[in-house]
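Reminder, nothing fancy here: chain letters follow the sequence lines and each chain counts from 1.
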Protein chains: 2
Amino acid sequence: MDACTTLGAKFEDWQALGLDEERCPVRNLLDQIGDRWSMLLLAALAGGPKRFSALARAVPDISKRMLTQTLRMLEVSGLVHRDVQPTVPPSVTYSLTPLGRSFAGPLLGLVDWAETHFAAVVEARAQAKKAA
Amino acid sequence: MDACTTLGAKFEDWQALGLDEERCPVRNLLDQIGDRWSMLLLAALAGGPKRFSALARAVPDISKRMLTQTLRMLEVSGLVHRDVQPTVPPSVTYSLTPLGRSFAGPLLGLVDWAETHFAAVVEARAQAKKAA
DNA sequence: TCCATAAGTCTCTATCTGAGACTTAGTCTA
DNA sequence: TAGACTAAGTCTCAGATAGAGACTTATGGA
């Protein structure tokens with residue numbers, strides 16, 4: 001059974017359970033960490049702990065607001081650890097928890113797909129634009 | 001080299017290239033298909049072609065507006081094929097293209113992670129709430 | 001003396017999302 | 001024969017969300 005068929009079968013199962021946001025793991029996690037900033041920040045932290053300002057520099061066009069918000073959410077969900085040094089000015093370091101590190105595998109799968117098929121997507125978009 | 005280290009190394013590379021939305025495959029694709037509806041619709045279509053109304057039923061709380069919009073975007077990016085039967089009322093069937101099917105693998109990786117670690121995330125959230 | 005720094009918060013505005021009415025034309029129902 | 005229903009959307013309006021940029025605090029450097 002190929003991945004596509006397996007995925008299709010799984011989707012049927014979720015549907016049977018109502019695809020509820022609370023109970024369906026996939027719905028729930030897609031709603032929370034299935035946005036561009038979460039994934040990008042997890043990738044940024046995969047290389048090792050980083051401070052708030054280092055993350056802001058690492059992901060240039062995220063606003064401070066979204067950076068704070070996303071990190072807090074990842075912390076609450078147990079993927080990221082926040083370590084505050086009570087100096088003045090405060091020094092805050094973010095790192096992946098073991099749970100966060102376990103996410104690197106699937107995320108890497110996504111990343112590899114993106115790098116492999118990016119050209120095809122760009123080509124498809126160009127075709128679509130020409131046809132329009 | 002484990003996935004986490006590999007991912008960290010890749011992120012360094014992207015950073016070196018400026019993490020530009022146009023040129024960086026990962027940024028670009030996360031921005032486009034890295035939202036809950038895209039992933040959910042791709043999973044819904046993994047099992048086979050579906051009509052518009054079937055998709056609307058399959059993903060209960062997506063609005064028609066987002067359903068249309070997301071499908072169009074996936075079509076433009078070459079992941080989904082849209083087939084219109086010019087009857088009245090029109091009958092429109094959506095299916096995955098080969099490119100779309102190739103995405104099932106990585107997506108399945110994500111899904112498996114979600115199912116495996118959902119309990120841990122729920123537990124982490126409960127702890128966080130208790131601490132607050 | 002004035003600026004810069006770290007890690008945010010706050011406010012205001014711009015953008016995005018969702019809910020729900022409306023469309024077309026043929027078939028089904030009363 | 002009138003009215004209802006269907007499919008696959010589009011359109012508008014209100015509400016939610018994201019981003020830009022000012023502000024904070026205490027300290028060290030030019």
- Task: Can you tell me the distance, in whole Å, between the CG atom of A:L67 and the P atom of D:dG21?
- Result: 17 Å
- Note on the structure: When rounded to the nearest 0.5 Å, the distance separating OG of A:S38 from CD of A:Q32 is 8.5 Å
- Message: Check this for me: B:R23, atom CZ, are more than 12 non-hydrogen atoms of other residues, nucleotides or ligands nearer than 6.0 Å?
- Response: no
- Are the side chain of B:T97 and the backbone of B:H81 linked by a donor-acceptor contact shorter than 3.5 Å? no
- Looking only at atom types and distance, does a side-chain atom of A:W113 sit under 3.5 Å from a main-chain N or O of B:S102, one as donor and one as acceptor? yes
- Message: Each nucleotide in nucleotides 4-21 of chain C should get exactly one letter: B, S or -. Can you fill that in based on protein heavy atoms under 4.0 Å?
- Response: -BBBBB-B-----BBB--
- Message: So does B:S95 get a backbone contact from the side chain of B:K50, meaning a donor-acceptor N/O pair under 3.5 Å?
- Response: no
